[in-house]
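Taking it in order: structure first as structure tokens, then the write-up.
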Amino acid sequence: MSEAHDNSFLAFSQVCERVKSTMSKNMKIRIVSEYLKNLDDENLKVACDLFSGQIFPPWEGIELQVGYSTLLDILREVSGLNDKILVETIIKHGDLGEAAEEILTKRTIRPLFEEKYDLVQVYARLRKVAEVTGKGSVYEKKKILTGLYLNMTPLEAKYLTKVLTGEMRIGLVSGLIIESIAEAFNRVFDEVNEAFLLINSVGETAILAKYGKLSEAKLVLLRPTNFMLAESMQSAEEIVDYFRKELVCEFKLDGVRVQCHKKGDVVKIFSRKANEVSAQFPEIVEDLLKIDHDFIFDGEVLAFKNGRPLPFSKLQTRLQRKYVDEKIVSEIPLMLFVYDILYFDGEPLYKMPLIERKKVIEKIEFTGRIECLEYTLVSKKEEVERKFFESLELGYEGLMLKDPSSAYTVGKRGKYWIKLKKELDTLDVVIVAAERGHGKRAEIFSDYVFSVWDNGALKTIGKAYSGLTDKELLEVNERLKDLAIKDEGWRLIVRPEIVIEVAFNGIQKSDRHESGFALRFPRIKRIRDDKSIDEADTIEKVKAIYERQKSLEGERLNK
DNA sequence: CCTGATGCGTC
DNA sequence: GTCGGAC
DNA sequence: GTCCGACGACGCATCAGG
């Protein structure tokens, strides 16, 4: 059944609404694929990008710079409602988009007529929003968006908001979008999926699929592809038991993952989320240019001094930097450790077994701040444990263990690469406040603020929810409601009573928490109902762990 | 001119 | 980065 | 077995507003 194209944003919103309302995956696919068939090319591309929550390709370096706060201002302006009602509505829904719909139905200001936008028009305005910068730009962004909202129905406003926050929450995950594209244009799922993973754009994939050109989606120099991801295992034993064969073993470096492309005399470095970060690492770019080949490398940039790695926090001062001067370059020296290769002098290599790819890397001559990451072959539990210990001694994060026969599976977290790292320590802390969740956690206080003792007073040191099961979350939630001292809407201040054990991978100095410290990767291990709050840990223990960690770094520097 | 709020991207 | 949960 | 959403910490850039 073929009808006239309906490229409107309203139709898009209605489709989203139908997709959200059904649990059935097949149904979702049917709805979306039927919809995609009836779009013209440009709108098809936009629709797919919006479904996937990725408005602009990350490598273009263009950002909306519109977040919660700006959207709240816009909704206030558009609706004429006061903050109390606005915030209540947002809390009620736990999703800004859902709230926007209700807010617009209650608006006191109404436009004379509602303009009908198609997807391309909305997209063009979003691009404008992203492009305005400089003084008054926040005002300008709000003005453009307010204009859009004013002419939209509540349903459209809901999905515009969801697009802007990047959280669609309609149960249409990337796999289903790919399936819908395959279905709409009568293609094989695997071919569509492979194309998508290679070129990293749902919209472009849809166009290729539509015209039967999926084979044109290739690994292309200077355009980022997805990174291969690793899984985590708990122990050396688990790893050797799982594989029962010889494994490639590397140190796990605590830096940033990069994909380095070189084509002729052009070098581009991309981050894990496909942002171009070349400008942040000029000395690495310079040394990459000295390599007389075309290539795509996968590796890690690490802060590195006197033959030893520096902590991630040092490297972090060089990230997101727009202006890189000689001072920062000399203060925080970098190394690039190359550990994989996807393309070399005209040949895609990502389907080749890892061990063969390693051989290609080993033949390349690196100079300056670039090295090939060393690896060993291990097969016994004891060997893995020994390497793990050695890794920590040298100041690395743990180990990566990789299946030597595996291809580079672009964009997948297959069980071919395994990371092995250990928690640094745990603390018993006291819950002092709880914050509301979003989306599927909208109904509950899901996020717990916790404290340690400092001279008889409880001082906050972090927040966490992760680690508890849904059941435990509900139980804690009920208990916290009884312990509430003050309800601030988003946040509940509670009488200190519940003790939890929190694991973490590091302690950092912090000015965001009262204790002056914060935890890296905090997660809740268990609820310690066997402990009273007097038995919770103190700032002295925190300081001791912090010093222990620091002395390890210091030791490394002095060697 | 400085500071705090906001947004974003890295782990 | 972390984690639990849904399929 | 795999994918996914809901969350943690930090630092840098930018802009609004005193």
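Letters A, B, ... mirror the listed sequences (proteins, then strands); counts begin at 1. All values derive from a computational prediction rather than experimental measurement.
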From the list [options], which nucleotide is the closest neighbour of the side chain of [X]?
X	options	answer
A:F521	D:dC4, D:dG11, C:dT2	C:dT2
A:R523	C:dC3, D:dG8, D:dT2	C:dC3
A:R272	D:dC7, D:dG11, C:dG1	C:dG1
A:S69	D:dA6, B:dT6, B:dT10	B:dT6
A:K463	D:dA9, D:dA16, B:dG7	D:dA9
A:Q65	B:dC8, D:dA6, D:dG11	B:dC8
A:V277	B:dT10, D:dT14, D:dA6	B:dT10
A:M23	D:dT2, B:dC11, C:dC7	C:dC7

Touch class at under 4.0 angstrom, heavy-atom based, for [X] against every strand present:
X	result
A:L468	sugar-phosphate
A:K421	sugar-phosphate
A:G506	nothing
A:S446	sugar-phosphate
A:N275	sugar-phosphate
A:S271	sugar-phosphate
A:L519	sugar-phosphate
A:Y68	sugar-phosphate

Quick one: is [X] getting a side-chain N or O under 4.0 Å of the [N] phosphate, OP1 or OP2?
X	N	value
A:R512	D:dA9	no
A:H438	D:dC7	yes
A:K419	C:dG1	yes
A:S510	D:dC10	yes
A:K322	D:dA13	no
A:H513	D:dA9	yes
A:R321	D:dC12	yes
A:K252	C:dG1	yes
A:R318	B:dT10	no
A:S466	D:dA6	no

Length of the line joining [X]:[atom1] and [N]:[atom2], which is rounded to integer Å:
X	N	atom1	atom2	value
A:Q280	B:dC8	CD	C1'	12 Å
A:N193	D:dT2	CG	P	14 Å
A:Y396	B:dC11	OH	C1'	18 Å
A:R491	D:dC7	CZ	P	15 Å
A:L145	B:dG7	CG	C1'	15 Å
A:L424	B:dC11	CG	P	20 Å
A:Y465	C:dG4	OH	C1'	7 Å
A:I269	B:dT10	CD1	P	13 Å

**Request:** Please check if any side-chain donor atom of A:Y159 sits under 3.5 Å from a side-chain acceptor atom of A:E17, or the reverse.
**Result:** yes

**Message:** Is it true that A:N193 and A:R187 share a donor-acceptor pair across their side chains at a distance under 3.5 Å?
**Reply:** no

Regarding [X] and the six-membered ring of [Y], is the cationic atom NZ or CZ under 6.0 Å from the ring centre and inside 45° of its axis?
X	Y	result
A:K273	A:F227	no
A:K421	A:F388	no
A:K415	A:Y242	yes

**Message:** Quick check: on DNA chain D, is the nucleotide nearest A:F517 upstream (toward 5') of the one nearest A:G175, or the reverse? Name the residue that is more 5'.
**Reply:** A:G175

**Request:** Could you pick out which residue, A:I328 or A:S174, lies toward the 5' side of DNA chain D when each is mapped onto its nearest nucleotide?
**Result:** A:S174

**Message:** Tell me if the side-chain of A:R257 makes a donor-acceptor pair with the base of C:dG1, cut-off 3.5 Å, by modelled atom types.
**Reply:** no

**Asked** Would you say the base of D:dC10 and the side-chain of A:Q508 have a donor-acceptor pair closer than 3.5 Å?
**Response** no

**Complete:** Between A:D49 and A:S201 the two heavy atoms that sit nearest each other are OD1-OG, 4.2 Å

**Fill in**
In terms of heavy-atom contacts, A:V285 and A:S278 come closest through CG2-O, 3.6 Å

**Asked** Quick one: on DNA chain C, does A:N505 or A:T469 contact a more 5' nucleotide (nearest heavy atom)?
**Response** A:N505

**Complete:** Ranking A:K25 and A:Q234 by the position along DNA chain C of their nearest nucleotide, the one closer to 5' is A:Q234

**Message:** Check this for me, if you would: do A:K471 and A:E478 make a salt bridge, where the nitrogen-to-carboxylate-oxygen distance has to be below 4.0 angstrom?
**Reply:** no

